[in-house]
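Every heavy atom of this structure was used, including side-chain atoms; hydrogens, water molecules and symmetry mates were not. Index from 1, following the sequence.
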Amino acid sequence: MPQQILTHVYRLQPTRAQHAALAKILKDQRFLYNAALQERRDAWRRAKVSIGLNDQTRALTEIRGFDPTYSGVPYDVSKWTLKRLDDAMRAFFKRVKAKAGKAGFPRFRSEARWRSFGFHQKDGLRVRNGRLLFSGGIVGGLRMRMHRPLPDDAVLKSAVFTREGNVWRVALTIKTETAPGHSRASTAIGVDVGVNWLAATSDGVFFENHRPRRQREKALRRAARALARCQQGSRRRRKVRARLQREQRHVRNIRTTCMHDVANAIARSASTIFVEALNLKNMTRSASGSLAEPGVQVMQKRGLNRSLADAAPGRLIAMLRYKAERAGVEVVAIDPRNTSRTCSACGVVDAAQLGRDRYRCGCGLDLQRDHNAAINILQRGFAVHEAARRLGDRNVAGRGERGPVNADPLAA
């Protein structure tokens, strides 16, 4: 049976000693990253010698022979850090080759810009009675808040520890069997994402947009103003910055939880899901213009951009894709043009409908606007599938092996 690689994130509940040990490892790995980056820079500047990952891992073996800082932790922890630097260098050279704007050479990491360390162990990782155990004795068994159990057949592959303020989390990568077939096989829906409703489906289901940032806007604004008044490098600035980060983390956690719930519900609702291929970069582009050609309705566009960022429709679609893959669901992206302006019953395009909550057409159609758009997405998705079937090109319509879907878009 095919297998999948999944990641489960849990909050850690370390003791005071374990908390200090984790912080020390994080600090030591940051020093290693910076030292390895400095070595690469100096070798190229002075001798035009390019140092790679293999060179630095061999040097790491020698360093572990006399430095207890790195010999006291598993070898894979330091190797993970060096691999992270190597990935940053490869991304830099890729940007240089693409010649698309400023390449951005990898920077030295300050304490504020280094929050994670991790390792890969094939046989050393295990979870027993809600505790994470691993060979090498980093800090002993770490207690986890197991808000959901690991699959019974899960094989632990790696662990990445992340600190957010005073909170530690671990992301466990596991290998498990593919989930069973979908409970609603041979069905299809269209999904419209937006601001008024986070998502609306073609069968009339609406998912509320909780707007977590708007709910905490006052606290965020106060913390940001207080931070701006603090003196650089002061103790008060560190405290105020920690308060602002807590507020931001609270908003981020609420949004992520909402996204998971909505994506799961949509993935369970049909075996084929049609979504819009949104160009979010264009949708959130500034309308300020220039001094020669100032923009129009700048404040309204700025508010819309802020609302789109709060709703995060692109992140919802990204979550939906990987949850659908796990559930054996096909997600097909279609052209989004005029889906909100077109009547799903007669096909007339009316731009004036964009400013209304309901789509009312002369043919008699009266639907909530997002519901009407979702039906248009479903109809367009069926057209794409039909065109692919006639051309015999499965790539146009995705995988295409799930059999027929509902022929009537309104019945989906």
Side-chain angles (χ1 to χ4, degrees), residues 4-7 26 29-63 70 75-120 157-162 171 173 275-290 305 308-309 312-322 324-325 331-337 393-396 398-399:
Q4 289 184 337
I5 304 297
L6 304 175
T7 300
L26 184 67
Q29 294 307 307
R30 177 170 63 88
F31 288 163
L32 176 63
Y33 180 96
N34 290 339
L37 177 58
Q38 184 68 52
E39 182 187 25
R40 292 197 182 206
R41 292 178 57 175
D42 290 346
W44 180 255
R45 285 177 177 177
R46 296 176 182 177
K48 300 300 180 183
V49 174
S50 179
I51 295 179
L53 177 62
N54 292 335
D55 301 316
Q56 293 189 320
T57 51
R58 282 195 296 267
L60 175 64
T61 304
E62 299 177 4
I63 293 173
Y70 300 105
Y75 172 79
D76 287 339
V77 174
S78 299
K79 186 177 178 180
W80 184 92
T81 302
L82 296 178
K83 180 64 169 60
R84 186 170 173 181
L85 171 61
D86 189 67
D87 291 340
M89 294 296 297
R90 289 178 182 273
F92 164 70
F93 289 121
K94 184 177 180 180
R95 293 191 296 268
V96 170
K97 188 176 180 180
K99 296 181 180 179
K102 194 173 182 179
F105 191 81
R107 297 188 295 178
F108 294 106
R109 297 303 184 98
S110 65
E111 184 178 356
R113 292 181 177 273
W114 184 266
R115 300 186 305 144
S116 300
F117 70 89
F119 59 92
H120 301 272
K157 306 296 290 182
S158 67
V160 177
F161 298 87
T162 302
T173 301
V275 297
E276 298 171 292
L278 298 177
N279 190 335
L280 293 172
K281 186 175 181 179
N282 288 342
M283 291 173 62
T284 56
R285 183 173 294 172
S286 173
S288 298
S290 62
N305 291 349
L308 280 170
R315 188 178 179 196
L316 175 63
I317 293 176
M319 279 190 177
L320 178 60
R321 286 185 181 280
Y322 83 78
E325 182 178 357
V331 176
V332 181
I334 57 94
D335 185 358
R337 284 178 293 184
D393 183 2
R394 287 173 176 261
N395 292 328
V396 176
R399 293 194 300 271

Could you go through Phe105 and Leu37, starting from their C-alpha distance and side-chain angles, then the distance that decides it, and tell me whether this counts as side chain to side chain contact (heavy atoms under 4.5 Å, CB included)?
CA-CA 11 Å; Phe105 191 81; Leu37 177 58; 4.0 Å; yes
Go through Arg84 and Gln29 one step at a time and tell me if the side chain to side chain contact (heavy atoms under 4.5 Å, CB included) criterion holds.
CA-CA 11 Å; Arg84 186 170 173 181; Gln29 294 307 307; over 6 Å; no
When you look at Glu62 and Arg58, which way does the side chain to side chain contact (heavy atoms under 4.5 Å, CB included) test go after all the steps?
CA-CA 7 Å; Glu62 299 177 4; Arg58 282 195 296 267; 5.8 Å; no
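The two residues Pro313 and Leu308 have their closest heavy-atom pair at CD-O, 3.4 Å. The shortest heavy-atom contact between Val331 and Leu320 is CG2-O, 4.3 Å. Closest non-hydrogen pair, Gln38 versus Phe108, comes out as OE1-CZ, 3.1 Å. Thr57 and Lys79 make their closest contact through CG2-CG, 4.2 Å (heavy atoms, listed as atom of the first residue, atom of the second, distance).
Under a 3.5 Å cut-off, the side chain of Trp80 and the backbone N or O of Phe117 do not form any donor-acceptor pair. The backbone N or O of Leu82 sits nowhere less than 3.5 Å from a side-chain atom of Gln56 that would complete a donor-acceptor pair. Between the side chain of Asn34 and the backbone N or O of Arg109, at least one donor-acceptor pair lies under 3.5 Å. Between the side chain of Ser78 and the backbone N or O of Tyr75 there is no donor-acceptor pair closer than 3.5 Å.
Trp114 places none of its side-chain heavy atoms less than 4.5 Å from the side chain of Phe31.
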For residues 85-103, tabulate all N or O donor-acceptor pairs below 3.5 Å that involve a side-chain atom, not counting sequence neighbours.
residue, atom, partner, partner atom, Å
Asp86, OD1, Arg40, NH2, 3.2
Asp86, OD2, Arg90, NE, 2.9
Asp87, OD1, Lys83, NZ, 2.7
Asp87, OD2, Lys83, NZ, 3.3
Arg95, NE, Ala103, O, 2.4
Arg95, NH2, Ala103, O, 3.0
Arg95, NH2, Gly104, O, 2.7

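When the ring pair (Phe, Tyr, Trp, His ring centres under 6.0 Å) test is applied to Tyr70, no partner is found at least two apart in sequence or on another chain.
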